[in-house]
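Since we're looking at a predicted model, the values are computed, not measured. Letters A, B, ... mirror the listed sequences (proteins, then strands); counts begin at 1.
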Amino acid sequence: MTLTSLDPGILKAAHPVPGAPNNWKRFFSFNTDAKVIGIQYIVTSLFFLLVGGLLAMIMRGELITPEADLVDRTVYNALYTMHGTIMLFLFMFPVLNGLNNLLIPCMIGAPDMAFPRLNAAAFWLVPVFGVILMASFLVPGGPAASGWWSYPPVSLQNPLGHLINGEALWITAVALSGVSSIMGAVNFVTTILRMRAPGMTFFRMPIFCWTALSAQTIQLIGLPALTGGAVMLLFDLVAGTSFYRPEGGGDPVLYQHFFWFYSHPAVYVIILPVFGIFSELFPVHARKPLFGYVFVAIASLVIVGLSLVVWVHHMFPSGVPQWMRDLFMVSTMLIAVPTGIKVFAWLGTLWGGKIQLNTPMLFSLGGLFNFVFAGVTGIMLATVPVDIHVNNTYFVVGHFHYVIYGAATMGVYAAIYHWFPKFTGHMYFEGLGKLHFLLTFVGTNLNFFPMHPLGLMGMPRRVSSYDPEFAFWNVIASLGGFLLGVSIIPFLLNLVSSWVWGPKAPANPWKAIGLEWLLPSPPPAENFEDNVPTVISGPYGYGTGKPLVEHQEAYERALQEA
Amino acid sequence: MTSSAPIRFNRAAVAAVSAWVGVLVLLSHWLGQQAYRWLPVQASSAAPLVDDLFSLETAIACFVFVGVVSVMAYVLLFNRAEKYDMDDAAPVEGNTLLEIIWTVIPLVLVMAIAWTTIGVNREIGSIGPMDHSHGATSEAIAGAPTAEIQVIARQWSWEFRYPDAAVSSTELHLPAGRRVGLQLESADVIHGFYVPAFRLKQQVIPGRSIAFFITPTREGRYRLRDSEYSGTWFAANQVDVVVQSEDAYQDWLTRAATQPLRPGISDASREYAQQQSRLRSSGYPTVPPAPPPMVNVPGSNTLPHAG
């Protein structure tokens, strides 16, 4: 009966920190319950989403006119650097780790993560490096202002010559973020590999777990390169070494290789779990099994393999030889194939379904729309001659934001609404949710579509001023940016008011299939405790009438009675 | 397109889908032609090649994107659950043939695009000796001119030296109709040499001298922009490129050689001076701009440009 080597002793083991007492103070403590940590991650990341978004709106205010007039150029450069850094390292990665913490143990029937203390330590590093990064606004030279890539030599220029400068704090924060992510990745991979419920074979695992496993594997392989590269950069900055300084015999392009060897796969660390979210939500809200489950699962692994061999496509104009350009163009193109498999599988899932347009489904559909748009511009960027024209222009900024906001963040919103009842025990307000979707969808396209014509016309990214011929599309983009700022209001209003006053959520409000829906809302500290169900079929049996677990009726009856 | 039933291969459905695919093909072809209008004027031999490729990709992208969105629109119109209907739909778990088809077709498609692009890469062959040593373009070796213009990027100015004519300038003059060799060098950080009208771009890396070849084809005034973030006045680090007939170019060189050296264009130095004399507010501390290069011809970066 036991197909995985789950040690029954784990279930009985005393929690390092006793299970969460049901009061708000647990969210401010070194709590080892994955569900508490998940909410800690998500709330922290949403705070930084507001900070990063505020910086973006100041930038859009600057860019609404061609001249550099709202803020000084040095301030603009610091703003865009901090915007990118905050959004990636303090919003995107933490919010996804929050979802991982909430969903993985519940979905696979584990009581908690494999290493609960490591899990809590990984989370508490986030506010630590968040504070370090924010503190850089207060040091004399101002924060780092060399972009989130921090390419040397420009990142090594230190106008005041202080040892404690914005760039040094930036590198420290990014390195700590890497440490936190590695600690998280070890935990997620181990948990998925070792702690699945009896009967949950790999090919009975929900796609979200497949994608989380794939994404966290990338973290384990790629992050050491970035962290190592960042430590060398720090030495060049504060200790006078010459890893990247050309005047000392170093090679600035070497840093670009280290940086992109991790930072391209990092995009897949972000988008793979979002593919997982789409693969979970489309079946539930279209009432159909996921089309081609096995293909979708394996496509995630193929993406992991390919994502590690495409990084040079960020460096086509960096003086790399032609054969290298051709090679990395081909590997980049190949990623379209597993990605296409997923998109077509979602369309196959929707086809002939019974679609319910609630907020999570709207965000998923909107996210898919934006993702396909980002996908076709991605193919353009993969082809070398077109990339050389639009490289480092707004075309890339537009493509990237369609992926990271249009698809990934909208997928995260979908997930937050979909699992909100499960983990808070309250329903959200549908009207506010739909308003949030409408503003987000319109704002995203208004903000990021105009960046494509701008890039094609030749407007470089990262500019604090620009030629007047670019003004028209920039005004539209700025209006879209401000609309996105407004769109956050109904979202936060909804989260807070629903958690406080929202109607009590049943255990399974969506009639969804999955182990997490066999738990009460919110689940108890140790999930199934010693009553872990035995999985007997695949995860998306909608319409088949097949039960997911042995004695399913007994579990459902227990939920009814409770 | 009137039935909400699951797909059946009846004659009406096949006809409707075929008609829609026909519409999509026409739409995609039309959008592909429009794509040329989104790009700057074509002023180099590379530009038409890049634009043709972009046009082809726009057409393919339009077909894929509108195709996917059509399916989404169809299911949203015809596959919606009735109000209060919480039942499941018919359980279709997959179709191996369909899955193989939508794996193989994109594979063939992207490999075809890649193959086409490798051909275009060879044709453009704009980059310097690194290519030639890897044997990418035999044509390029035969016709490779030696660099006649030295390009020096600084924080934040561009200087162009014509050693054979003993001329220097902060406005890049190029002859139309032949291949010109540039030697790209940086005095401080990485910059990017980018002329949108030429569709060409190359990082300028300190510690290296990169040979770069351009064949300008259209006379006119264009923008040269710094495309690799280079610090405080990165955005202001732009000058003009003037493409002239061979005669006018030689004439310009001859006249330029007689001009005395003067400070060239550096918008950064001007703004920095304003900040130093409190005419302009300043923000965080910055690396001071390099002094404007002393050149024979400063030129202008405020005249109307074509792209």
Side-chain angles (χ1 to χ4, degrees), chain A residues 72-75 78 141-142 147 151 153-154 157 159-160 246 252 287-289 291-292 295 317-319 321-323 326 329-330 333 336-337 340-341 344 347 350-356 372-373 376 380 383-386 388-389 391-392 453 456-458 460 462-465 511 542-544, chain B residues 6 38-40 50 53-54 57 61 64-65 68 71 75 79-81 85-86 88-91 93-94 99 102-103 106-107 110 113-114 117-118 120-121 124 130-131 134 136 189-190 192 196 199 201-203 205-207 210 225 227-233 235 281-287:
Chain A
D72 184 68
R73 294 183 189 277
T74 52
V75 176
Y151 276 9
V154 75
Q157 292 186 319
L160 291 184
R287 313 305 310 166
K288 271 187 69 195
F291 197 95
F295 271 68
S318 304
Q322 193 66 49
W323 65 266
D326 289 341
M329 170 175 69
V330 171
M333 288 278 187
V337 177
I341 289 175
F344 295 131
L347 294 181
L350 295 172
W351 187 265
K354 289 189 169 184
I355 293 170
Q356 289 157 351
V372 175
F373 187 78
V376 297
M380 295 172 180
T383 50
V384 177
V386 175
I388 286 180
H389 174 51
N391 168 284
N392 271 356
L456 292 171
M457 289 162 73
R462 305 182 158 177
V463 290
S464 46
S465 62
K511 274 183 67 187
Y542 297 95
T544 60
Chain B
W38 310 333
L39 294 152
V50 174
L53 185 64
F54 179 70
E57 288 186 325
V64 172
F65 179 70
V68 168
V71 176
V75 298
N79 294 164
R80 295 269 291 280
D85 180 4
M86 286 289 278
D88 292 343
E93 294 191 312
E99 284 154 38
W102 69 42
T103 307
L107 181 67
V110 294
I113 297 175
T117 308
I118 290 174
V120 177
N121 281 342
I124 293 176
M130 275 182 302
D131 272 322
H134 289 282
V189 300
I190 301 176
R199 313 285 189 277
K201 184 180 286 145
Q202 174 60 44
Q203 277 187 10
I205 300 166
I210 295 170
R225 299 198 173 92
S227 63
E228 194 66 50
Y229 176 72
S230 59
T232 307
W233 278 278
S281 65
S282 53
Y284 296 121
T286 173
V287 176

Q) Is it true that a side-chain atom of A:Asn392 and a backbone atom of B:Ser227 form a donor plus acceptor pair closer than 3.5 Å? A)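 Side chain of A:Asn392 to backbone of B:Ser227, a donor-acceptor pair under 3.5 Å: yes, one is there.
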Q. Would you say the side-chain atoms of A:Lys288 pair up with the backbone N or O of A:Trp351, donor to acceptor, closer than 3.5 Å?
A.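 Yes: the side chain of A:Lys288 pairs with the backbone of A:Trp351.
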Q) Does the side chain of B:Ile205 come within less than 4.5 Å of A:Pro252's, by heavy atoms? A)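 Yes; the side chains approach each other to less than 4.5 Å.
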Q: For the residue pair B:Glu228 and B:Lys201, establish whether any side-chain heavy-atom pair is separated by less than 4.5 Å.
A: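 No, side chains not in contact.
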Specify which of [options] makes the most heavy-atom pairs with chain B at under 4.5 Å.
options                               : answer
A:Val330, A:Val337, A:Asp72, A:Ile355 : A:Ile355
A:Met380, A:Met457, A:Arg462          : A:Met380
A:Ser464, A:Gly142, A:Pro153          : A:Pro153
A:Ala336, A:Ser318, A:Ala78, A:Pro460 : A:Ser318

Chain B heavy atoms under 4.5 Å from [X]: which part of the residue, side chain, backbone, both or neither?
X        : result
A:Leu160 : side chain
A:Met329 : side chain
A:Tyr151 : side chain

(Q) For A:Phe291, give me all partners under ring pair (Phe, Tyr, Trp, His ring centres under 6.0 Å), at least two apart in sequence or on another chain. (A)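 By the ring pair (Phe, Tyr, Trp, His ring centres under 6.0 Å) rule, A:Phe291 matches B:Trp102.
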Winner by heavy-atom pair count (cut-off under 4.5 Å) against chain A, out of [options]:
options                                : value
B:Gly207, B:Ala235, B:Gly192, B:Pro106 : B:Ala235
B:Phe54, B:Trp233, B:Tyr284, B:Trp38   : B:Tyr284
B:Ile118, B:Leu107, B:Leu53, B:Ile113  : B:Ile118
B:Val71, B:Leu39, B:Val64, B:Val75     : B:Val75

Q) B:Thr286 versus chain A, heavy atoms under 4.5 Å apart: side chain, backbone, both or neither? A)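 For B:Thr286, heavy atoms of backbone and side chain both lie under 4.5 Å from chain A.
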**Q.** Region of B:Arg225 in contact with chain A, defined by heavy-atom distances below 4.5 Å
**A.**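 Side chain only.
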Q: Verify whether one side chain among B:Thr117 and A:Thr383 offers a donor that lies under 3.5 Å from an acceptor in the other.
A: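 Not at all, the side chains of B:Thr117 and A:Thr383 share no donor-acceptor pair under 3.5 Å.
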Q. Of the non-hydrogen atoms in A:Pro246 and B:Pro206, which two are nearest, and what is the gap between them?
A.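 Shortest heavy-atom contact: CB-O, 3.6 Å.
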Q: List the atom of B:Arg199, the atom of A:Ile388, and the distance in Å for their closest heavy-atom pair.
A: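 In terms of heavy atoms, the two residues are closest at O-CG2, 4.1 Å.
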Q | Pairing residues for A:Gln157 by the side chain to side chain contact (heavy atoms under 4.5 Å, CB included) criterion, not counting sequence neighbours | A |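 A:Gln157: side chain to side chain contact (heavy atoms under 4.5 Å, CB included) contacts with A:Val154, B:Gln155, B:Val189, B:Val287.
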